[in-house]
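In what follows, a structure is listed as structure tokens, so that the remarks can point back to it.
Side chains included, hydrogens not; waters and symmetry mates left out as well; all remaining heavy atoms used. It should be emphasised that the depicted structure is a prediction, and the values quoted were computed from it without experimental measurement.
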Amino acid sequence: MTPKEVVQFAKENNVKMVDYKFLDFVGIWQHFSTPMSEFDEDTFEEGIGFDGSSIRGWQPIHNSDMLLIPVPETAKIDPFIEAPTLSLICNIIDPITREGYTRDPRFIASKAEAYLKSTGIGDTAYFGPEPEFFIFDDVRFESTCNQSFYAVDSMEGRWNTGRDEYPNLGYKPRHKEGYFPCAPTDSMVDLRNEMVEVLQSVGMRIEASHHEVASGGQCEIDMRFDSLMNMADTLQWFKYIIKNVAVRNGKTVTFMPKPIYNDNGSGMHCHQSIWKDGVNQFAGDGYGGLSKMAMYYIGGIMKHAKALCAFTNPSTNSYKRLVPGFEAPVNLAYSNRNRSASLRIPVTNAPAAKRVEYRTPDPSCNGYLAFAALLMAGLDGIENKIDPGQPLDKDIYGLSPEELKDIPCVASSLEEALDALKEDHEFLLKGDVFTQDVIDTWIEYKTENEVNPVRMRPVPEEFNLYYDI
């Protein structure tokens with residue numbers, strides 16, 4: 001919609017409030033609202049001022065004024081707020097220069113799309129993420145100087161087979177057997193269906209919904225692929241809707257990669273392809289029906305995988321999922337059909353559906369930054385003709401240590417990922433997509449606010465292991 005059409009759309013829907021959403025540096029939506037009386041076409045040009053120093057990783061206090069510029073194409077009616085509310089995603093600009101703010105994740109994503117077009121390699125990068133998540137009935141946690149604990153619970157949890165539930169009816173998925181039992185073992189059908197209905201109400205195309213492997217309410221809802229920016233916007237709506245539908249049903253959702261010990265974690269497999277003039281550039285007559293370009297794209301991701309982890313797996317918790325020796329996508333190999341490889345080529349005979357699936361990312365990531373970084377790594381592979389080597393069609397999880405020693409791995413910790421990013425980020429600076437300031441700020445923020453606090457804090461398991469030494 002144009003600004004004029006958005007205003008008309010708001011009037012037709014009897015909108016009372018306008019909600020402005022934008023993404024902080026880490027990846028969480030922020031917002032504020034104004035009455036409809038304060039909203040008109042000029043808002044899209046003049047923007048709305050706000051304090052950028054209050055947003056994580058953004059402006060210092062002495063240079064804090066920023067502008068929100070709403071994007072008319074993102075206009076939707078918020079499905080949760082009681083008063084009819086128009087929701088708009090915003091870009092962030094400098095109020096003096098009127099240029100995009102380099103630390104705004106949405107601006108970074110837009111520059112990645114522009115860089116793709118400038119190379120002539122393609123005009124559209126398509127992404128199809130598959131975010132998994134846990135639905136819990138209760139979550140409690142505390143972290144102070146003298147104590148630390150967490151507890152999550154679900155009526156589906158296998159750990160509750162002996163609990164008095166007046167009555168306990170059983171039907172709780174066994175660990176690693178949550179994929180795909182019918183009801184009553186899958187107790188989340190109605191809740192997921194409600195989530196799908198709300199997702200569709202804001203224009204999202206949903207392809208599938210199902211229970212996932214882990215006991216305790218792990219689920220997945222799959223969205224139709226879209227262009228990089230649109231998909232990043234959609235991912236934010238996805239998380240917002242999933243959480244809010246859960247809350248209004250007395251449940252809570254987490255996109256933490258590993259909230260349950262010794263069961264499957266939540267990943268976010270990312271399907272990717274590059275198109276030009278309506279033609280899929282990844283379709284060809286090579287291995288798995290891929291083109292040479294697609295092979296080079298794979299080569300770029302493999303080369304930069306450890307640095308990419310800083311954006312695709314950006315939490316310390318991410319590496320509780322990415323553990324070698326378990327069914328985790330840590331081995332940098334590619335294969336047709338083989339789900340034990342970190343890069344899979346899905347089986348399809350349709351040229352339009354030829355794509356690369358990268359299985360390492362998880363849903364704790366900031367979609368704008370993760371998709372932009374993946375695209376830049378893939379383009380670096382194409383531009384430099386990086387050969388990914390031979391495919392690996394064996395079950396990687398069953399290989400011996402001797403067979404595994406020559407297969408490279410992704411980062412094993414957030415600290416290692418950040419160190420890799422520090423040494424390997426030139427490919428991200430092309431086209432000024434990521435700036436040196438963004439790289440440095442990301443590393444500094446993650447180190448000071450996540451790596452160091454987790455590294456310095458005693459955890460309950462250490463008392464279990466060491467208290468009586």
Worksheet item: Looking at the rings of W442 and F434, which for Trp means the six-membered one, are their centres under 6.0 Å apart?
Response: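 They do not qualify: ring centres at least 6.0 Å apart.
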
Tell me if the centroids of the rings in H271 and Y358 come within less than 6.0 Å of each other. no

Within a radius of less than 6.0 Å around [atom1] of [X], do more than 12 heavy atoms belonging to other residues, nucleotides or ligands occur?
X: E82; atom1: CD; result: no
X: R248; atom1: CZ; result: yes
X: K422; atom1: NZ; result: no
X: D437; atom1: CG; result: yes
X: H175; atom1: NE2; result: yes

- prompt: Going through the distances and angles, do D19 and S33 end up as a side chain to side chain donor-acceptor pair (under 3.5 Å)?
  reply: CA-CA 4 Å; D19 195 56; S33 304; 2.6 Å; yes

**Request:** Please name the residue in the list R106, K21, K76 that meets the salt bridge (Lys or Arg N to Asp or Glu O under 4.0 Å) test with D233.
**Result:**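 The passing option is R106.
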
Heavy-atom donor-acceptor pair, [X] side chain to [Y] backbone, under 3.5 Å:
X: T441; Y: V438; result: no
X: N336; Y: R344; result: no
X: R457; Y: T144; result: yes
X: T234; Y: A232; result: no
X: S318; Y: S315; result: yes
X: N249; Y: K251; result: no
X: K320; Y: G265; result: no
X: T348; Y: A353; result: no
X: Q281; Y: W275; result: no
X: T312; Y: P361; result: no

Closest approach of [X] to [Y] (non-hydrogen atoms, all atoms of both residues):
X: N366; Y: P105; value: ND2-CG, 3.4 Å
X: C90; Y: F22; value: O-CB, 4.1 Å
X: C365; Y: M268; value: SG-CE, 3.4 Å
X: M295; Y: I345; value: CE-CD1, 4.1 Å
X: V71; Y: L88; value: O-CD2, 3.8 Å

- Task: Determine, for K111 against E113, whether the closest basic-nitrogen to carboxylate-oxygen distance falls under 4.0 angstrom.
- Result: no

Check this for me, if you would: do K446 and E415 make a salt bridge, where the nitrogen-to-carboxylate-oxygen distance has to be below 4.0 angstrom?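 No.
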
Q. Residues two or more places apart in sequence or in another chain: which of them pass salt bridge (Lys or Arg N to Asp or Glu O under 4.0 Å) with D424?
A.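 Testing D424 for salt bridge (Lys or Arg N to Asp or Glu O under 4.0 Å), a comparison that skips the adjacent residues, returns none.
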
Can you name the residues that form a salt bridge (Lys or Arg N to Asp or Glu O under 4.0 Å) with R192, not counting sequence neighbours?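 For R192 the salt bridge (Lys or Arg N to Asp or Glu O under 4.0 Å) partners, ignoring immediate neighbours, are D186.
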
Q) Are side-chain N/O atoms of D78 and Y240 paired as donor and acceptor at under 3.5 Å? A) yes

We want to know whether Q218 and S266 form a side-chain donor-acceptor pair, criterion being a heavy-atom distance below 3.5 angstrom.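 Yes, because at least one side-chain N or O of Q218 sits under 3.5 Å from a partner of the opposite role on S266.
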
So the salt bridge (charged side-chain N to carboxylate O under 4.0 Å, His left out) pairs with at least one residue in residues 284-312 (sequence neighbours excluded) are K306-E416

- Task: Check step by step if side chain to side chain contact (heavy atoms under 4.5 Å, CB included) holds for R163 and D153.
- Result: CA-CA 12 Å; R163 185 171 69 177; D153 204 5; 2.6 Å; yes

Notebook entry, point to check: Does the pair N91 and F107 meet the rule for a side chain to side chain contact (heavy atoms under 4.5 Å, CB included), with working shown?
Noted result: CA-CA 7 Å; N91 291 327; F107 185 46; over 6 Å; no

With sequence neighbours left out, write down each residue that passes ring pair (Phe, Tyr, Trp, His ring centres under 6.0 Å) with Y296, or none if nothing qualifies.
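Testing Y296 for ring pair (Phe, Tyr, Trp, His ring centres under 6.0 Å), a comparison that skips the adjacent residues, returns none.
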
Set out, in order, the CA-CA distance, both residues' side-chain angles and the distance that settles salt bridge (charged side-chain N to carboxylate O under 4.0 Å, His left out) for R224 and E207, then state yes or no. CA-CA 6 Å; R224 179 74 168 178; E207 295 185 328; 3.1 Å; yes

Would you say [X] and [Y] make side-chain contact, with heavy atoms under 4.5 Å?
X: F127; Y: F225; result: no
X: L332; Y: V410; result: yes
X: M188; Y: C219; result: yes
X: P388; Y: Y334; result: yes
X: M256; Y: F134; result: no
X: Q272; Y: Y126; result: no
X: Y445; Y: E450; result: yes
X: P84; Y: N13; result: no

| message | Under the criterion side chain to side chain contact (heavy atoms under 4.5 Å, CB included), I'd like the reasoning laid out for F311 against L421: C-alpha separation, chi angles, the key distance, then a yes or no. | response | CA-CA 9 Å; F311 294 111; L421 179 63; 3.9 Å; yes

Carefully, step by step, assess K172 and N160 under the rule side chain to side chain donor-acceptor pair (under 3.5 Å). CA-CA 8 Å; K172 303 179 191 300; N160 281 325; over 6 Å; no

- Using the side chain to side chain donor-acceptor pair (under 3.5 Å) rule, take H269 and E132 through it: C-alpha gap first, then chi angles, then the decisive distance, then the call. CA-CA 9 Å; H269 305 158; E132 297 168 344; 5.1 Å; no

N449 meets the side chain to side chain donor-acceptor pair (under 3.5 Å) criterion, sequence neighbours left out, with none

Let me confirm one number: the [atom1]-[atom2] distance from [X] to [Y], rounded to the nearest 0.5 Å.
X: I206; Y: N193; atom1: CD1; atom2: CG; answer: 11.5 Å
X: R140; Y: F149; atom1: CZ; atom2: CZ; answer: 6.0 Å
X: S412; Y: N313; atom1: OG; atom2: CG; answer: 12.0 Å

Going by atom type alone, with no hydrogens or angles, which donor-acceptor pairs under 3.5 Å involve a side-chain atom of residues 374-381 and a protein atom two or more places apart or on another chain?
from, atom 1, to, atom 2, distance (Å)
D380, OD1, N384, ND2, 2.9
D380, OD1, K430, NZ, 2.7
D380, OD2, H304, NE2, 2.7

Notebook entry, point to check: In terms of the angle between their ring planes, are H210 and Y179 parallel, tilted or perpendicular, with boundaries placed at 30° and 60°?
Noted result: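 Rings of H210 and Y179: perpendicular, as their planes differ by over 60°.
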
Review point. Between F32 and Y20, what is the ring plane arrangement, given parallel below 30°, perpendicular above 60°, and tilted in between?
Key: tilted

task: Assess whether side chain to side chain contact (heavy atoms under 4.5 Å, CB included) is satisfied between I55 and F25, documenting all intermediate values.
output: CA-CA 8 Å; I55 307 301; F25 195 48; 5.9 Å; no

